[in-house]
Chemist: 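For reference, the structure I am asking about is given below.
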Amino acid sequence: MRELDPLNDFAFLKCMGENGDEEQLLSFINAILENRNKIIIENRIQNISMAEILDNVDINENTKLSAEKLKDKYCILDIRSKTDNKEIIIEAQRQNTGEMIKRSLFYACNIYRRLIKEGQNYQKLPEVIAINLIDYKMKNNDNIHTFYRLIDIPSIKTCTPKFLEGIEIHFISMQNFKKIKNKNINNFLHQWLIYFDKNTTPKLLNKVIKMNKTIGKTQKKLDLISMNDEDYRMYEMREMAHYDEITLKHTATQKGIEIGRKEGMEKGIEKEKIEIANNMKKANLPLKEINKFTKLPIEKIEKL
């Protein structure tokens, strides 16, 4: 097991989101686009264009990260990049923040809205592609790679559904990938997911690195983080924020269980009191006596 987790969002940004990281970022994006095309072909989906494999990509480098920002567990570190006709957002997420699909759609739409310049027409709008690399279980989804697009609902019943161009959202599930016993190391996307799995064996990782030099380059950058005091401190801050979030959710869950148990006991006691009061009332015992014995309000006893 490697010392550093490639899915730590600071490490992810540091290894693939800085100027000079275009080669490895392009390789990862193309792996996703290539797999997207395979999904379309295998499922015989009509009326949706095949994604072009990209020749180059420009990185919109993030502003300098502050320690305060990195301590914030709700801080989102993503990679923004672009081509001539595409804006591509990539985010690594290890914790389920809730409603991830809606959040990703909102984010992609917000970026899409901001891309049009004053005086431009809509034809100039580039496509927005949002890629979410997630390491938690997605509800009702066992696929490694899922992608979403707007569709004309009535056309679903036909053999040629109509898809709208403009925004496409991808989810890559590490949890579902990890379930596969025999990884396909010849699959471009699988190679990258083998790298992103912290628990990948050194033997398998080295095998993939020999097959894909850009993964080797990314691994070297990951190793350099632990050799730089400032970068390692930043990495640790994101790990602490990650574990704080896990602890917070666990504490909230335990508190919920305790409250539920207490409420359940109280309801059980209340139910038992009502049953006793009912039997006492059937035996024609005075209401005051039933009230004294069960502690139930007389008004409630009268309604039994």
Side-chain angles (χ1 to χ4, degrees), residues 1-17 24-43 45 51 53 76-79 88-101 103-104 129-149 168-219 221-222 238-239 242 245-246:
M1 187 172 75
R2 285 172 286 178
E3 179 190 358
L4 302 185
D5 189 345
L7 288 177
N8 170 294
D9 50 7
F10 172 76
F12 184 74
L13 186 66
K14 189 74 180 172
C15 295
M16 302 185 73
Q24 52 265 40
L25 183 63
L26 181 66
S27 173
F28 179 55
I29 292 170
N30 278 337
I32 292 167
L33 296 180
E34 184 181 287
N35 200 68
R36 169 204 184 274
N37 290 344
K38 285 180 183 177
I39 291 171
I40 291 170
I41 293 168
E42 288 170 2
N43 290 279
I45 302 171
I53 301 305
I76 297 170
L77 305 182
D78 57 6
I79 298 173
I88 304 167
I89 322 149
I90 308 176
E91 181 184 343
Q93 186 65 254
R94 292 182 291 175
Q95 276 293 310
N96 187 354
T97 55
E99 299 293 351
M100 187 66 182
I101 294 175
R103 186 166 76 81
S104 185
I129 299 175
I131 297 169
N132 301 277
L133 180 60
I134 60 172
D135 196 17
Y136 58 82
K137 175 67 179 170
M138 279 187 79
K139 191 176 180 180
N140 302 321
N141 191 341
D142 295 321
N143 297 317
I144 295 169
H145 184 182
T146 306
F147 70 96
Y148 298 84
R149 205 159 197 167
E168 191 166 281
I169 300 174
H170 294 255
F171 286 90
I172 312 296
S173 171
M174 288 299 299
Q175 291 288 320
N176 291 340
F177 177 72
K178 290 172 186 178
K179 292 177 185 176
I180 301 174
K181 290 183 179 179
N182 299 312
K183 311 289 193 282
N184 181 5
I185 61 170
N186 294 311
N187 181 294
F188 200 13
L189 180 58
H190 282 211
Q191 290 173 5
W192 273 104
L193 300 188
I194 286 168
Y195 160 76
F196 283 120
D197 183 359
K198 184 183 179 182
N199 296 316
T200 291
T201 63
K203 183 179 179 181
L204 181 57
L205 181 61
N206 289 332
K207 197 171 183 179
V208 166
I209 286 172
K210 286 178 182 178
M211 297 175 72
N212 190 330
K213 67 175 184 177
T214 54
I215 292 176
K217 189 175 178 180
T218 312
Q219 179 59 44
K221 283 207 74 176
L222 183 68
R238 294 310 288 166
E239 286 298 285
H242 173 59
E245 191 173 359
I246 292 173

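Residues: numbered from 1 along the sequence shown.
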Chemist: Assess the residue pair Leu189 and Lys38 against the criterion (side-chain contact (heavy atoms from CB on, under 4.5 Å)); give the C-alpha distance rounded to whole Å, side-chain angles, the decisive distance to 0.1 Å, and a yes or no.
Modeler: CA-CA 11 Å; Leu189 180 58; Lys38 285 180 183 177; over 6 Å; no
Chemist: With Leu222 as reference, evaluate Asn8, Leu4, Asp5 under the side chain to side chain contact (heavy atoms under 4.5 Å, CB included) test and give the passing residue.
Modeler: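 The side chain to side chain contact (heavy atoms under 4.5 Å, CB included) with Leu222 is passed solely by Leu4 among Asn8, Leu4, Asp5.
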Chemist: In terms of ring plane angle, is the pair Phe196 and Phe12 parallel, tilted or perpendicular, where the classes change at 30° and 60°?
Modeler: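 Tilted, since the angle between the ring planes falls between 30° and 60°.
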Chemist: For the residue pair Gln24 and Trp192, what are the closest heavy atoms and their distance?
Modeler: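 Residues Gln24 and Trp192, closest heavy atoms: O-CZ2, 3.5 Å.
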Chemist: Can any side-chain N or O of Asn143 pair as donor or acceptor with the backbone N or O of Thr146 at less than 3.5 Å?
Modeler: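 No, Asn143 side chain to Thr146 backbone: no donor-acceptor pair under 3.5 Å.
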Chemist: Any idea which heavy atoms bring Val208 and Gln191 closest together, and the distance?
Modeler: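 Looking at all heavy atoms of both residues, the shortest contact is CG1-O, 3.6 Å.
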Chemist: Walk me through whether Asn186 and Met211 qualify under side-chain contact (heavy atoms from CB on, under 4.5 Å).
Modeler: CA-CA 8 Å; Asn186 294 311; Met211 297 175 72; 3.4 Å; yes
Chemist: Does the Lys221 side chain pair with the main chain of Met16, one donor and one acceptor, at a distance under 3.5 Å?
Modeler: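 A pair under 3.5 Å: no.
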Chemist: What are the two closest heavy atoms between Thr218 and Tyr195, and how far apart are they?
Modeler: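 That closest heavy-atom pairing would be CG2-OH, 3.3 Å.
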Chemist: Just by modelled atom types, is the Ala51 backbone N or O under 3.5 Å from a matching donor or acceptor in the Asn37 side chain?
Modeler: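 At least one qualifying donor-acceptor pair exists.
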Chemist: What are the two closest non-hydrogen atoms of Thr200 and Ile194, and how far apart are they?
Modeler: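 In terms of heavy atoms, the two residues are closest at OG1-O, 2.6 Å.
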Chemist: Do NZ/NE/NH1/NH2 and the carboxylate oxygens of Lys137 and Asp142 come within less than 4.0 Å?
Modeler: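 Looking at Lys137 and Asp142, the cut-off is met.
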Chemist: Is it the case that over 12 heavy atoms from other parts of the model lie below 6.0 angstrom from the NZ atom of Lys217?
Modeler: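 Yes.
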Chemist: Please determine, by modelled atom types, if Ser173 and Asn141 share a side-chain donor-acceptor pair under 3.5 angstrom.
Modeler: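 Side-chain D/A pair, Ser173 to Asn141: absent.
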Chemist: If we check side chain to side chain contact (heavy atoms under 4.5 Å, CB included) with Ile90, which of these qualifies: Leu133, Asp78, Asn132, Ile131?
Modeler: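 In the set Leu133, Asp78, Asn132, Ile131, the residue that makes a side chain to side chain contact (heavy atoms under 4.5 Å, CB included) with Ile90 is Ile131.
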Chemist: How long is the gap from NZ on Lys198 to CG on Leu205, to the nearest 0.5 Å?
Modeler: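 Those atoms lie 13.5 Å apart.
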Chemist: Answer yes if the side chains of Gln175 and Asp135 hold a donor-acceptor pair under 3.5 Å, and no otherwise.
Modeler: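 Side-chain D/A pair, Gln175 to Asp135: present.
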Chemist: Take Phe171 and Ser104 through the test side-chain contact (heavy atoms from CB on, under 4.5 Å) and record every step on the way to the result.
Modeler: CA-CA 10 Å; Phe171 286 90; Ser104 185; 4.1 Å; yes
Chemist: Working to the nearest 0.5 Å, report the span between CD1 of Ile172 and CZ of Phe28.
Modeler: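 Taking CD1 in Ile172 and CZ in Phe28, the distance rounds to 6.0 Å.
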Chemist: How many angstroms lie between atom CZ of Phe147 and atom CD1 of Ile39, to the nearest 0.5 angstrom?
Modeler: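 Here the interatomic distance stands at 5.5 Å.
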Chemist: What's the spacing between Ile209 CD1 and Thr214 OG1 if we round to 0.5 Å?
Modeler: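 Here the interatomic distance stands at 10.0 Å.
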Chemist: Would you check, one step at a time, whether the test side-chain contact (heavy atoms from CB on, under 4.5 Å) holds for Asn35 with Ile32?
Modeler: CA-CA 5 Å; Asn35 200 68; Ile32 292 167; 5.8 Å; no
Chemist: Just wondering, are more than 12 heavy atoms of other shown residues or ligands nearer than 6.0 Å to NZ in Lys179?
Modeler: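 More than 12 heavy atoms, drawn from other residues, nucleotides or ligands, come within 6.0 Å of this atom.
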Chemist: Does the ring of Phe10 carry Arg238 above it, NZ/CZ under 6.0 angstrom from centre and within 45° of its axis?
Modeler: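 Judged by the rule (NZ or CZ under 6.0 Å from the ring centre, within 45° of its axis), Arg238 is not positioned above Phe10.
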Chemist: Do the ring planes of His145 and His170 sit parallel (below 30°), tilted (30 to 60°) or perpendicular (above 60°)?
Modeler: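 Ring orientation of His145 relative to His170: tilted.
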Chemist: Between atom CD1 of Ile29 and atom CD1 of Ile79, what is the distance when rounded to the nearest 0.5 Å?
Modeler: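 Taking CD1 in Ile29 and CD1 in Ile79, the distance rounds to 8.0 Å.
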Chemist: To the closest 0.5 Å, what do you measure between NE2 (His190) and CG (Leu193)?
Modeler: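 With rounding to 0.5 Å, NE2 (His190) is 6.5 Å from CG (Leu193).
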